[in-house]
Amino acid sequence: MRLFKPNVKKMQQSRDVQGLMTALGDQDPEIARDAVRALIGLGLGADLMMAAAQQSAWPVWQLVTQYIESGLSSGWVAADELSYVSEWTTQGSVVRYSPRFVEPFLTGLRQGDPAVKATAVRLLGHLDDGTRYPPLPREALRGFRKLLSADDPYLRSGGARALQALGWQPDDAASAVAFFIAMGQYEQCAALGPAAAEPLLRVFHDALRQRNMKAVPPVVRALGALGDSRVVLPLVDYLRESGETVLVDLLAELPAEDVNAALLGALHSAHIPHPAALKAALAPRAAALRTQLREEWGRLDTAGKRLVMDVWVDAGDGEAIPVIQGLLQHPELHEPAGAALKNLGFTPGHDVASAEYCLQNKDFAGCVAVGRAAIPPLLRCLEDEEYPHVREVGDVLIRLGEPVIAQLTERLKKDTLSGRLAKRAVRIVADIGGPETMPVLVQLMKQPEAAQKAARELEALGWQPGADPEGARYCALTGRWADCLALGEPGVEQVVREIMNGRQGMVAAIGAMDDSERLALLRRKLEAVLSQPDAVRRRQAATVLHELDWPPAEPVTLAWYRFAREDLDGCGQLGAAALEPLLAWWRESPAPSVRKEILTRLAALTTADAVPVFLETLNDSDKEIRRLAAQALVELYTSGRLTDADRTAILNVRARITAAHQDRRSHDDRASHFDHTSYAAASDCNTGTFSSHKDIPNAGWGHGVHKDVKRHTDSGIGLDFPV
């Protein structure tokens with residue numbers, strides 16, 4: 001921490017230049033500024049600035065320039081360094097620098113730092129007119145001319161003003177264009193002809209990029225005066241993206257044909273952030289673009305159609321009504337389309353479009369006035385899950401009456417209704433009433449979502465079912481099981497379907513009936529299900545027969561019944577009658593334990609029908625099952641019941657039946673210095689598959705464990721088969 005601050009005033013009096021230079025870097029900014037004043041007062045301002053420029057000591061440069069500029073406004077005068085002239089000239093107040101300042105300013109002008117360059121331009125702009133000091137060197141003029149093409153508009157402007165103060169005049173068209181652009185005098189650029197087009201176009205794009213709305217209009221007008229229409233498309237794009245309404249009037253000053261084409265193209269944009277601005281530009285051209293807008297309509301997306309509709313509404317274009325009507329069924333535009341038609345004074349007629357219009361404006365009385373043509377749109381509303389006015393739409397359909405019944409009838413002949421519409425249609429049809437409604441309700445019974453409700457409505461209307469599927473469905477839906485069975489075959493089929501679907505309470509209701517004739521047909525239908533491939537259905541049928549205490553009487557049917565209940569013992573006890581159920585059970589590939597039991601039952605039958613099963617089973621992976629099959633084949637062969645073909649087929653496998661089978665394989669080897677004997681367990685011996693086993697070390701220490709993997713092809717069974 002220092003004890004004393006530098007005494008700048010004392011150093012100035014003693015002309016201690018070195019001390020003042022040191023004070024320039026003092027941490028107290030006030031001391032640094034006082035040091036600058038002192039050095040300038042000693043006539044060293046120009047030298048100080050030159051040193052700062054050469055050494056890139058820009059903080060010192062800034063201090064010197066700030067002090068000089070503060071002197072301009074305060075009337076301060078330094079010893080032969082510069083003077084302030086208070087009289088007003090055409091260039092404003094003129095500051096007269098010593099010629100010694102010119103070189104530091106030019107050095108600053110050559111630096112890359114924008115702030116330094118801007119300060120040099122500003123100071124050089126207040127130049128002597130040459131009456132007291134020598135004229136500015138030619139190098140300064142070259143530097144200012146280079147500034148006319150600088151990227152920074154501030155530097156371009158400063159250079160142009162400096163050249164203007166010097167009385168400089170452009171010597172060619174390119175220089176003149178650059179000068180006028182730097183001065184912002186774009187209208188004078190237009191007077192220079194085509195040479196100004198490209199520079200002006202660059203300025204235009206820079207202004208759009210920098211969102212400089214002050215520069216855009218005069219540049220556009222200058223280019224418009226040159227007849228250059230290249231600004232139109234980017235101007236329309238910018239209008240669409242930015243919403244700058246100031247550009248709307250500007251477009252009116254450009255060639256109409258080019259502007260119209262650009263506006264039509266903008267309607268095809270995937271995104272229109274500011275449709276209001278685009279609409280404002282299109283509105284005064286609506287009449288001129290009427291034909292083009294109609295032609296483009298089909299190719300516009302949702303945003304484009306919405307915008308054009310607004311233009312037509314603002315223009316009061318009644319001829320657009322037929323085009324807008326086509327949007328009344330559009331999922332996104334039906335609401336604005338309805339509003340647009342209303343604003344254009346659309347009067348509903350008796351067609352579908354009129355009905356859509358009334359629905360969009362919630363004019364349900366108007367839908368009634370439209371009449372028959374309103375029915376399809378009204379039905380579509382009932383299918384819409386999110387439509388909020390279902391009750392009102394239903395009331396309109398009820399009021400329309402008989403035509404609704406006729407259209408529903410035709411539609412049901414061609415296709416089913418959606419579940420939502422079917423449920424709502426039941427109420428509407430029932431409220432319309434009359435004999436014509438019954439056929440529609442009968443058709444609605446076929447749809448699961450509306451079936452129960454439709455049956456109840458038919459019941460309320462006193463409908464009498466016939467002996468057909470519709471009558472059977474009606475009886476089932478209303479719980480009239482006795483009446484359903486009384487319908488004969490259709491009724492029984494319906495009851496069986498309901499049983500298979502697990503209808504609650506049915507079995508108890510049927511068990512309480514006392515009609516042997518009707519129940520006999522049902523019993524036969526259920527017994528027929530017992531032999532079906534579907535295990536779930538046959539199990540359900542067997543359960544119902546069991547609950548109704550209806551076990552089949554015929555042995556074959558009883559065997560299928562026990563098969564469906566998976567009663568293997570009971571099925572096998574029926575002897576030959578169980579053959580087909582046992583074979584069916586075998587084909588379903590049950591668990592090995594069940595397969596052995598089935599094979600045992602088939603072998604006990606000693607029937608030639610089982611020969612193919614026994615032959616196939618000789619390839620089973622389970623040795624015990626293979627042995628059972630081989631024993632059965634030997635017994636069948638010696639029974640004398642077989643044909644020559646069956647006997648030949650059995651003889652073809654005789655070698656496999658009689659060949660000895662070795663389950664165990666042993667070997668001695670040395671693993672980890674321990675002798676051991678390896679044994680493959682009998683359960684590992686699967687014909688035609690890989691068998692894996694671990695070797696057992698003699699020492700039992702857990703060392704030398706060895707795993708063999710062998711393909712075992714020994715399928716011999718080892719039975720005696722005398723011929």
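The chain is numbered in sequence order, starting from 1. Reckoned from all heavy atoms, side chains included, excluding hydrogens, waters and symmetry mates.
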Q) Okay, side chain of Ser175, backbone of Asp171: is any donor-acceptor separation there less than 3.5 Å? A) no
How about [X] and [Y]: do any of their side-chain heavy atoms sit closer than 4.5 Å?
X	Y	answer
Arg424	Leu382	yes
Asp351	Val370	no
Ile324	Leu344	yes
Phe364	Val393	yes
His334	Gln329	no
Met309	Pro336	yes
Leu300	Leu293	no
Val231	Leu200	no

(Q) Determine whether Glu319 and Arg290 satisfy the following criterion, salt bridge (Lys or Arg N to Asp or Glu O under 4.0 Å), listing intermediate values before the conclusion. (A) CA-CA 9 Å; Glu319 295 182 11; Arg290 176 177 295 171; 3.6 Å; yes
Gap separating the [atom1] atom of [X] from the [atom2] atom of [Y], nearest 0.5 angstrom:
X	Y	atom1	atom2	value
Cys358	Leu378	SG	CG	9.5 Å
Leu263	Leu289	CG	CG	7.5 Å
Glu356	Cys381	CD	SG	7.0 Å
His271	Asp301	NE2	CG	11.5 Å
Leu254	Asp258	CG	CG	8.5 Å
Gln360	Leu341	CD	CG	9.5 Å

Q. If we ignore angles and hydrogens, is there a donor and acceptor under 3.5 Å between the side chains of Ser269 and Arg240?
A. yes
Q.
Distance alone, cut at 3.5 Å: any donor-acceptor contact between the side chains of Glu244 and His274?
A. no
Using a strict cut-off of less than 4.0 Å between a Lys/Arg side-chain nitrogen and an Asp/Glu carboxylate oxygen, indicate whether [X] and [Y] qualify as a salt bridge.
X	Y	value
Glu383	Arg380	no
Glu253	Arg221	yes
Arg306	Glu335	no
Lys5	Asp34	no

Q: Measure centre to centre between the rings of Tyr357 and Phe346, then say whether the value is under 6.0 Å.
A: yes
Q: Carefully, step by step, assess Lys342 and Asp363 under the rule salt bridge (Lys or Arg N to Asp or Glu O under 4.0 Å).
A: CA-CA 12 Å; Lys342 186 175 183 179; Asp363 181 9; over 6 Å; no
[atom1] of [X]: more than 12 outside heavy atoms within 6.0 angstrom?
X	atom1	value
Arg230	CZ	yes
Glu30	CD	yes
Gln292	CD	yes

Q: In sequence, state the C-alpha distance, the side-chain angles, and the governing distance for Glu332 and Lys305, and then conclude on salt bridge (Lys or Arg N to Asp or Glu O under 4.0 Å).
A: CA-CA 11 Å; Glu332 298 180 43; Lys305 284 186 170 68; over 6 Å; no
Q. How far apart are the C-alpha atoms of Leu359 and Tyr387, what are their side-chain angles, what is the distance that settles it, and do they pass the side chain to side chain contact (heavy atoms under 4.5 Å, CB included) test?
A. CA-CA 11 Å; Leu359 282 171; Tyr387 189 72; 3.8 Å; yes
Q) After noting the C-alpha distance and the side-chain angles of Val177 and Ile181, does the key distance pass the side chain to side chain contact (heavy atoms under 4.5 Å, CB included) rule? A) CA-CA 6 Å; Val177 170; Ile181 287 177; 3.7 Å; yes
(Q) Go through it in stages, so that I can follow the logic: the residues are His268 and Glu296, the test is side-chain hydrogen bond (donor to acceptor under 3.5 Å, both in side chains), and I'd like the CA-CA distance, side-chain angles, deciding distance and then a yes or no. (A) CA-CA 9 Å; His268 292 277; Glu296 295 290 328; 2.5 Å; yes
